[in-house]
Amino acid sequence: MSARNPGMHLDLEWVSKVRVNTQAVHKRAQQIQGRKVAKKQWQAAWLLKAVTCIDLTTLAGDDTPSNVHRLCMKATQPIRHDLLKSMDMHDKGISTAAVCVYPSRVADAVKSLKAANSSLPVASVATGFPAGQTPLKTRLEEVQMAVKDGAAEIDIVINRTLALTGQWAALYDEIRQFREACGDAHMKSILAVGELGTFTNVYKASLVSMMAGSDFIKTSTGKESVNATYPVAIVMVRAIRDYYLKTGHKVGFKPAGGIRTAQESVVWLTLMKEELGDDWLNPHLFRLGASSLLADIERQIYHYVTGRYPAYHELPMV
């Protein structure tokens, strides 16, 4: 992870002046999606880059120590060794960026990674994920518990009610408290963009989250009806850019929810490169929240190496 974002005093004047041109945002999103995708070895290189930015995630009601263990093993060796070897990438230490689980599964993930001699960080969703509607005291305790169990990154959810009713000072204060509860852990703030109503709200929530000390801003929990979309991402990354120009602090970006294909992962990397520059093309400042994306990337890499698509049993799934 990059240097921590110390945050800043809440600048309500800046927040109140925000206006987003919806038409321009949609036009820009169409441009990015219309880019020609790299082929052959260039595409394979972009896909391996995407793998290193994935927060490999399981957030299911039936998570058990054994499926968390399998997830951790997949995160440490995301692409089959022989495929990497044929690309001469087997000794480059390719792994996903982190493993992301519920607070109650953090200890399992930490134990599995430790046993595998892996330094991969464990990320945990907290603060009443996904709705964020539990009492503040409970949400803070959940963060503290996840950190105590070894989570190095905490994905908090913002209180959408405060954002929707324009209570930016109250939202700032809540996020500041989560920041404190995180201690040394990095904090990613989930905006749940599908529930914020307008691009202007998304931009304001992005700004307030960064002012309050978020190290990353993240689109969605993956549980809303609308998750990571390119227009919303453009609004968020432009807030990141404005915050950087004003404070000199680089805040990361994490789209999550509904990202399933290798091709989409390349579009996301293109968006980051064009909007924020090469500095953001690494796991310190860019993450893809995904559970099934890795399978498609591995499938495409298998095709690149062998010239055919694998049978189902040829690639072990998480």
Side-chain angles (χ1 to χ4, degrees), residues 18-39 42-43 46-47 49-55 57 97 130 155 157-158 160 163 188-207 209-210 214 216-244 250-283 285-294 296-297 300:
V18 168
R19 299 287 178 277
V20 176
N21 180 336
T22 303
Q23 212 177 341
V25 168
H26 282 296
K27 194 176 170 190
R28 179 72 181 121
Q30 278 174 328
Q31 278 175 348
I32 297 235
Q33 281 171 273
R35 289 279 183 275
K36 289 217 173 359
V37 176
K39 295 285 185 239
W42 294 280
Q43 186 188 29
W46 277 99
L47 292 179
K49 165 69 80 179
V51 168
T52 65
C53 295
I54 291 175
D55 280 355
T57 304
D155 291 27
V157 287
I158 70 160
R160 275 80 99 194
K188 306 190 200 99
S189 293
I190 308 171
L191 306 187
V193 291
E195 295 176 350
L196 289 183
T198 66
F199 285 156
T200 299
N201 269 346
V202 168
Y203 192 107
K204 288 180 176 182
S206 299
L207 269 189
S209 300
M210 291 186 284
S214 305
F216 263 72
I217 51 175
K218 175 176 167 184
T219 58
S220 332
T221 65
K223 310 284 186 189
E224 296 92 47
S225 56
V226 176
N227 294 294
T229 66
Y230 302 118
V232 113
I234 284 160
V235 174
M236 290 173 72
V237 298
R238 289 191 174 173
I240 287 172
R241 189 167 67 197
D242 292 345
Y243 183 82
Y244 170 62
K250 293 175 181 170
V251 173
F253 176 65
K254 178 178 172 180
I259 303 169
R260 295 191 178 89
T261 69
Q263 178 136 357
E264 282 174 275
S265 70
V266 176
V267 178
W268 283 108
L269 285 166
T270 306
L271 187 149
M272 296 308 286
K273 184 178 171 67
E274 292 193 8
E275 287 287 325
L276 291 172
D278 289 349
D279 282 3
W280 267 265
L281 286 184
N282 70 71
L285 289 167
F286 178 61
R287 297 289 178 84
L288 287 157
S291 51
S292 57
L293 169 65
L294 181 56
D296 191 53
I297 291 180
Q300 299 302 334

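Note that the structure is a prediction, hence the values are computed from the model and not measured.
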Inset, instruction - Report yes if the side chains of Tyr244 and Met210 come closer than 4.5 Å at any heavy-atom pair, otherwise no. - result: no

Legend entry - Minimum-distance pair of heavy atoms, taken over all atoms of Pro130 and Val157: O-CG1, 3.9 Å

Legend entry - Shortest non-hydrogen separation from Glu264 to Arg260 and the atoms involved: OE1-N, 3.3 Å

Inset, instruction - Keeping the roles fixed (side chain from Arg287, backbone from Leu285), state whether a donor-acceptor pair exists under 3.5 Å. - result: no

Legend entry - Check: Val251 main-chain N/O paired with Trp280 side-chain donor or acceptor under 3.5 Å: yes

Legend entry - Thr22 and His26, any side-chain heavy atoms less than 4.5 Å apart: yes

Inset, instruction - Check the surroundings of atom CZ in Arg35: do more than 12 heavy atoms from other residues, nucleotides or ligands lie under 6.0 Å from it? - result: yes

Legend entry - Distance, nearest 0.5 Å, that separates OG of Ser291 from CG of Asp55: 12.0 Å

Inset, instruction - To the nearest 0.5 angstrom, please state how far the CG atom of Leu269 sits from the CD atom of Glu274. - result: 11.5 Å

Legend entry - Rounded distance (nearest 0.5 Å) linking atom OG1 of Thr270 with atom CD of Gln33: 11.0 Å

Legend entry - Main-chain N/O of Thr198 paired to Thr200 side chain as donor or acceptor, under 3.5 Å: no

Inset, instruction - Could you give me the CA-CA distance, side-chain angles and deciding distance for Met236 and Val193, then say whether side-chain contact (heavy atoms from CB on, under 4.5 Å) is met? - result: CA-CA 10 Å; Met236 290 173 72; Val193 291; 3.9 Å; yes

Legend entry - Minimum heavy-atom distance Ala192-Arg160, with the two atoms named: CB-NE, 3.1 Å

Legend entry - Leu271 and Ile234: CA distance, side-chain angles, deciding distance, side-chain contact (heavy atoms from CB on, under 4.5 Å) verdict: CA-CA 8 Å; Leu271 187 149; Ile234 284 160; 4.1 Å; yes

Inset, instruction - Identify the heavy atoms of Ala163 and Leu196 that sit nearest to each other, and give their distance. - result: CB-CD2, 3.7 Å

Inset, instruction - For the residue pair Asp155 and Lys254, establish whether any side-chain heavy-atom pair is separated by less than 4.5 Å. - result: yes

Inset, instruction - Any chance you could measure Lys188, atom NZ, to Lys218, atom NZ, to the nearest 0.5 Å? - result: 6.5 Å

Legend entry - Side chain to side chain, Ser265 and Leu47, heavy atoms closer than 4.5 Å: yes

Inset, instruction - Side-chain contact test, heavy atoms from C-beta onward, threshold under 4.5 Å: evaluate it for Arg28 versus Glu275 and give yes or no. - result: yes

Legend entry - Note, Phe253 side chain near Thr219 side chain (heavy atom, < 4.5 Å): yes

Inset, instruction - Mind checking the CG-CD1 spacing from Leu191 to Ile217? Nearest 0.5 Å is all I need. - result: 5.5 Å

Inset, instruction - Work out which heavy atom in Ala228 is nearest to a heavy atom in Ile259; give both atom names and the distance. - result: CB-CD1, 4.2 Å

Legend entry - pair Gln300-Ile297: side-chain heavy atoms closer than 4.5 Å: no

Inset, instruction - Would you confirm whether Asp296, through its side chain, and Ala262, through its main-chain N or O, come within 3.5 Å as a donor-acceptor pair? - result: yes

Legend entry - Under 3.5 Å donor-acceptor, Tyr203 side chain and Val18 backbone: no

Legend entry - Under 3.5 Å: donor-acceptor pair, side chain of Lys49, backbone of Leu281: yes

Inset, instruction - For the residue pair Phe286 and Phe216, establish whether any side-chain heavy-atom pair is separated by less than 4.5 Å. - result: no

Inset, instruction - Identify the two heavy atoms, one from Cys53 and one from Ala97, that lie closest to each other, and give their separation to 0.1 Å. - result: C-CB, 4.0 Å

Legend entry - Distance in Å, Ile54 CD1 paired with Leu293 CG, rounded so as to fall on 0.5 Å steps: 4.0 Å

Legend entry - Trace of the side-chain contact (heavy atoms from CB on, under 4.5 Å) decision for Lys204 with Leu207: CA-CA 5 Å; Lys204 288 180 176 182; Leu207 269 189; 5.7 Å; no

Inset, instruction - Assess the side chains of Ser209 and Ser189: does a donor N or O sit below 3.5 Å from an acceptor N or O? - result: no

Inset, instruction - Start with the C-alpha distance between Tyr230 and Gln31, add both sets of side-chain angles, then the distance that settles side-chain contact (heavy atoms from CB on, under 4.5 Å), and finish with yes or no. - result: CA-CA 10 Å; Tyr230 302 118; Gln31 278 175 348; over 6 Å; no

